[in-house]
Amino acid sequence: MNIMQPVPKAAAKQQHVIDVRDLDKKFIDAVFSRAETLGHMRNDSLKGKSLCWVAESASTRTGMSFKAAITQLGGAHDSLPDPEHSSESKGESFEDTIRVVGTYHDVIVIRSKDAAFPSNAAKLSSVPVINAGNGPDQHPTQALLDAFTVKQKLGTLEGLKIALVGDLSRGRAPRSLALLFAKHYPNNEFVGVGPEELWMDTDVVEYLKEQKVRYSEVKRLTDVIGEVDVVYMTRLQKEHPRKGLFGVEYPQLTLELAKKLDRHALIMHPLPANRERELPYSIDGLPQAIYLKDQLRAGLAVRKAILQELLLDK
Amino acid sequence: MNIMQPVPKAAAKQQHVIDVRDLDKKFIDAVFSRAETLGHMRNDSLKGKSLCWVAESASTRTGMSFKAAITQLGGAHDSLPDPEHSSESKGESFEDTIRVVGTYHDVIVIRSKDAAFPSNAAKLSSVPVINAGNGPDQHPTQALLDAFTVKQKLGTLEGLKIALVGDLSRGRAPRSLALLFAKHYPNNEFVGVGPEELWMDTDVVEYLKEQKVRYSEVKRLTDVIGEVDVVYMTRLQKEHPRKGLFGVEYPQLTLELAKKLDRHALIMHPLPANRERELPYSIDGLPQAIYLKDQLRAGLAVRKAILQELLLDK
Amino acid sequence: MNIMQPVPKAAAKQQHVIDVRDLDKKFIDAVFSRAETLGHMRNDSLKGKSLCWVAESASTRTGMSFKAAITQLGGAHDSLPDPEHSSESKGESFEDTIRVVGTYHDVIVIRSKDAAFPSNAAKLSSVPVINAGNGPDQHPTQALLDAFTVKQKLGTLEGLKIALVGDLSRGRAPRSLALLFAKHYPNNEFVGVGPEELWMDTDVVEYLKEQKVRYSEVKRLTDVIGEVDVVYMTRLQKEHPRKGLFGVEYPQLTLELAKKLDRHALIMHPLPANRERELPYSIDGLPQAIYLKDQLRAGLAVRKAILQELLLDK
């Protein structure tokens, strides 16, 4: 524990974290710079501050990560589970709930089913709002921690070839990562991998085109596995149902395939992973497999950095 | 954050907060005096103390408010959700549950369906018990924060005319406010407003009479709106079902009506509000509308003050 | 609150608390030594540390006790309710859940239905794992606090005669207590009391025999009540269903029976108790009845001591 080290003031004027494309580049740079030194450090930099975790849908990992992040910086947290139910049961409006939560807490972190919830909350809230996953739309702090992990491991966020694998259509993690790179680190190449039914939605594809990002899609991992710097696996998003998926062949990173990866390449996964489908245990021991190591630890470091950037005096 | 400022010791000998009529006037004065300086201040005055939130029925707002209050004073909290279920499932008695919770925590805050729960708990508990709403009976900390808000905004708790509007029969907030004033600030006039079916129950009316408080009841807001210092709106308490209410006309504070208010008057609501019934969004911008502003913030200040008064060494 | 007093470093190399028979005697001695001075003391010895409470099945008391313990030492806590559901709903494996929780927290405390959960978690976890009750198998921290209580009250853990009463077959508390004594304090005599259908399972009986502990079983309390130093009551474990129990006569410690106890003897119960079955209110006032007093308070002291022993630098 180091409670004496001076903590730098917030660098940027970022108020909310909703859409990766709306993030100020200075904010991202400041977050990454903080995250490098924060790691698992415990201090009192956010003592007296509190975070409210508002979850419309279940999330073990992201909620726990944000709560651990503010705790490790000396702050506190509370939760508003199932805001729709708790407010509706007494007839309260969404607008009033956000105003009330913002009176009691210093930052609101929202996991919602409704894609519009976080941005609507940000409009009403007097304190910063963080989108921690809005339905199948975005998961900006996941994208930030993914990019931070890549930067830490590969030393750069330019000139990379990144395979996004699996459920690109409904996966907010690969969507957010593609959009973050397209806006802030466009000098990279992306390739989507998986059954055609799950290829990236046109809103993302159009944005990548606008930003002049090289993007292509293939059906099988074997077509690209030897050429990529990052293979970003994702799980099938069963919680956002869709017809016509019965029987599609979901890409799996078998040990045989993983052995074709370049030695410096990274195997990433936003977790939770389906170990019987896309991410078999057999690859866990590979040096490229960082999903349970660097990538997981980066979640804590980056979320601590985001909280400091939003909550420390500017 | 101000952790250096000396915190005054508790002034009164109050042990529990159950019924507004049993509160020591010195305790109330001390709470109001503390609340004036506490506001949103964060400090370490209750460091090492912990609060247990015991909720028989849902409460987003009050629970979150108490938890934020102790957190902002450096303390901690835990929750015992659905005590009836968690104890009954293993056959534990209410008495034992309270004794156990009081061994682990420094103050017990209870939201109950059963009106007798908090007072029974106070008899058994070795630590202070706070009634945070016992069925349709009382909500003493709400009454205290309401009175504090009036005092802050109008500078006095005497000679006022206060309209209590809506579900006075089942609303513990208006019941508690009337009883608090009747006992401790009797030199005021109250008027109940709403359909006859929801007029104040006789226990309160009798008490007001005993305390020589002027009290009358009317059906429509329009009859009194121009004469009052405070219009205290409340929501229809659907969670305490009652027959014979189908089709009653519930009073709404329309913008047209609100404009007839005196300039210095206050529009208050304990929240949550039904925005389609009693409290339309259109009045939010009026200078008299303080339910999402001063009144909401007072909740935190007054609850912090109550916790200090009960938990600081005497 | 005493935050200045120096806190001794951890004495033993104990990593996890899973089975009472695997505990290092030095660890137990260090825990008891710490618990003597910790009591209800609040300090900052575990500041910056956090505990994750992982509960497959309901537990009010034990969870609250662990959370209060780390809070009183300046640490924080979070909960993972119903890990089976929260992970399975997104297809996550048990293994990954444990790895993720261990990345965010400093100690994992598990209440499970499955007896193998805590030991499996310990194999995977990079942080200490504490078994807080694994189905009908063991509850090691309960056994430690029970032994600590006996030591505090009777001054010794040798040469005692202890009656274990009630559901010995499915009760993890009496099972753990017998195993703890058999391994670490074998110079005592145990007697099981209750209907034959609920007598101690052979795994425990065999272990007691191996360790040369005198153990016998009787049907009625009246046969032994006058001879014992400790009468350890337990409740009927209805949550672990079993056929053939309908109509068995469950032993009750009536006031009449309790009056036959030696003056120095202890009436203990791990709680929650069924007050209509084994533990009537009428005996609460006896000087021997310590279940709601010393034994309950020991839970907090011993769990604080365990957390310090596991989490403080060695």
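Values below: every heavy atom of this structure, side chains too, minus hydrogens, waters and symmetry copies. Naming convention: chains lettered A, B, ... in sequence-line order (proteins, then strands); numbering from 1 in each chain.
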Engineer: Quick one: side-chain hydrogen bond (donor to acceptor under 3.5 Å, both in side chains) partners of B/S65, sequence neighbours excluded?
Structural biologist: B/R303
Engineer: Looking at chain B, which one of C/R277, C/E276, C/H40 has the largest number of heavy-atom pairs inside 4.5 Å, strictly under?
Structural biologist: C/H40
Engineer: Does any heavy atom of chain B fall under 4.5 Å from the side chain of C/Y281, the backbone, both, or neither of them?
Structural biologist: side chain
Engineer: Indicate yes or no: does B/D19 engage B/R21 in a salt bridge with an N to O separation below 4.0 Å.
Structural biologist: yes
Engineer: Chain B heavy atoms under 4.5 Å from C/L271: which part of the residue, side chain, backbone, both or neither?
Structural biologist: side chain
Engineer: Output yes when C/R275 and C/D284 qualify as a salt bridge under the 4.0 Å nitrogen-oxygen rule, no when they do not.
Structural biologist: yes
Engineer: Which residues pass the side-chain hydrogen bond (donor to acceptor under 3.5 Å, both in side chains) test with B/D146, sequence neighbours left out?
Structural biologist: B/Q142, B/Y232, B/Q295
